[in-house]
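Residue numbers count from 1 along this sequence.
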Amino acid sequence: MPTNGLRDLWRAHASAGFKEKLEHFTASGPSKSAAQHKRQQEELLQNVPEEARGQLDTKLLDIATSMNLVENIALLSQSRNNGFIGVNLYCDDEGSIKGLPRNLRATELAHCAGKPIEVKGDAFLARVYDNGDDFERLNFDVSEVSSDAQWVKDAAAQNALRREQDTSAAGLVSRMRATEAASKVRELSPAEAFKEDGNAAFKRGDWPAAIAAYSKALEASPCMLPALNNRALALLKLQQWQQAEADCSAVLQNEPHNVKALLRRATAREAMQQTGEAVADLEAALQIEPNNKEAVSKLRRLHPAPQQAAPATDGCPAAVDTKQ
């Protein structure tokens, strides 16, 4: 096993597939724009003494802001009290700079564990055993990604104790942030967590992953209509018209006035050349929302209003526009 300073680096790589996660975060999400690079460099410079800023090599700044790094957040630190078993959360340390969406599931879980942070983009969890001499990666079940899990309760107690023992100004701020976060934390059910996974996959354009996540949400909670409705939209993206129509119909059986379901079913029915049924869905949507632009536009295309013929003159029939 590597020793001294190299050991910590080795642990970082081995603890949860560090290299694979770095590659994932490098490949996922949008690249930083020139403006984002500049803003990040300005933020870095704020941590440099003013008298030293002019001596800083700009090439170093360019290198620092071009690197993609994985942030390792210890939700539960290894200690003798917990058998030297820790839980770490890995995320993109430039999630905010890249403008990545908020990861609700990871953020809420971190809050429950006593870490009032906001996670942007994808995140990974890893459990490790590390007593300073021996190291081992341990299994992590999906069922444990819940505020009811014992490790979350242990982490919350551990982090609360550390905040209480920190008498510095930073400790006071940390306690205030934790109190505020605890008042806002919302427990996600397994179904809600899967739905959030589906939403995240949908936003990044991974339709099959979105469908799989929404399906898991529906397995956990068959009556979760938002997941059913969202799955229909993902199915439309893959041109799976019949399945999308079935999902929309299931939503409308419970919520007959769900405009989104009506519009999505109209799209599926139009694609299957069921024009009359599609028109009926669009007209039903307009009964609920008369100014819905999508419904108006589609209805005009599918069911144009009949044009009235110009009145005849001198007993002659009106001319026919051959350009139509």
Side-chain angles (χ1 to χ4, degrees), residues 24 28 89 91 100-112 119-125 139-149 151-152 184-272 274 277-278 280-282 284-285 288-289 292 294-295 298:
H24 172 87
S28 65
L89 183 145
C91 58
L100 299 180
R102 183 173 185 258
N103 188 324
L104 177 61
R105 188 179 188 183
T107 298
E108 299 291 355
L109 190 64
H111 285 188
C112 291
V119 182
K120 298 291 187 71
D122 292 340
F124 298 86
L125 282 175
N139 291 332
F140 212 116
D141 294 333
V142 174
S143 61
E144 295 180 279
V145 186
S146 167
S147 63
D148 292 331
W151 74 265
V152 177
K184 296 180 179 179
V185 69
R186 180 174 68 88
E187 164 66 2
L188 291 178
S189 68
E192 288 175 322
F194 283 127
K195 182 173 74 70
E196 290 299 329
D197 289 344
N199 292 345
F202 190 94
K203 288 179 181 178
R204 63 175 183 266
D206 191 346
W207 320 128
I211 292 170
Y214 291 138
S215 297
K216 289 180 179 178
L218 290 166
E219 289 175 6
S221 178
C223 297
M224 181 174 278
L225 298 185
L228 195 61
N229 215 353
N230 290 353
R231 187 174 70 175
L233 184 57
L235 287 165
L236 289 177
K237 294 291 186 180
L238 293 178
Q239 299 184 6
Q240 296 182 16
W241 313 121
Q242 289 185 339
Q243 296 94 319
E245 180 192 28
D247 277 358
C248 293
S249 296
V251 172
L252 291 166
Q253 284 180 354
N254 293 277
E255 293 184 357
H257 295 105
N258 191 306
V259 173
K260 288 183 178 179
L262 286 167
L263 294 176
R264 290 166 187 174
R265 189 170 69 175
T267 299
R269 287 177 166 178
E270 179 188 358
M272 293 188 293
Q274 299 174 5
E277 291 86 347
D281 282 340
L282 295 171
I288 303 166
E289 294 182 7
N292 189 289
E294 182 180 350
K298 288 184 175 180

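Counting heavy atoms from C-beta on, the side chains of W241 and L235 never come closer than 4.5 Å. Contact of the L282 side chain with the L263 side chain is registered, since non-hydrogen atoms from C-beta on lie closer than 4.5 Å. A 4.5 Å side-chain heavy-atom check between L109 and L125 finds at least one atom pair inside the cut-off.
Distance check, rounded to the nearest 0.5 Å: CG of N230 to CD1 of I211 gives 11.5 Å. Distance NZ/K260 to CG/L262: 12.5 Å, rounded to 0.5 Å. Distance check, rounded to the nearest 0.5 Å: CD of E277 to CE of M272 gives 8.5 Å. Here C223 contributes atom SG and L218 contributes atom CG; the two are 9.5 Å apart, rounded to the nearest 0.5 Å. Between the CG atom in D281 and the CD atom in E270 there is a gap of 11.5 Å [rounded to 0.5 Å]. In this structure, CG in D206 is found 11.5 Å from CG in D197, a value given to the nearest 0.5 Å.
In this structure a side-chain-to-backbone donor-acceptor pair under 3.5 Å is present from R264 to N229. With hydrogens and angles ignored, the 3.5 Å screen pairs no side-chain donor or acceptor of S221 with any backbone N or O of A217. Y214 places no side-chain N or O within 3.5 Å of a backbone atom of P226 that could act as its donor or acceptor partner.
Under a cut-off of 6.0 angstrom, the local environment of NZ in K298 is crowded, with over 12 non-hydrogen atoms contributed by other residues, nucleotides or ligands.
Remark: W207 pairs with F202 by the ring-ring contact (aromatic ring centres under 6.0 Å, His included) rule, at least two apart or across chains.
Partner E245 forms a side-chain hydrogen bond (donor to acceptor under 3.5 Å, both in side chains) with one of R269, Q240, R265 and no other, that one being R269.
The shortest heavy-atom contact between G198 and A210 is O-CB, 3.6 Å. Between A123 and A106, the shortest heavy-atom distance links the atoms CB-CB, 4.0 Å. Scanning both residues, A261 and V251, for their nearest heavy atoms gives CB-CG1, 3.8 Å. In plain terms, the two heavy atoms of L236 and A244 that are nearest each other are CD2-CB, 3.6 Å.
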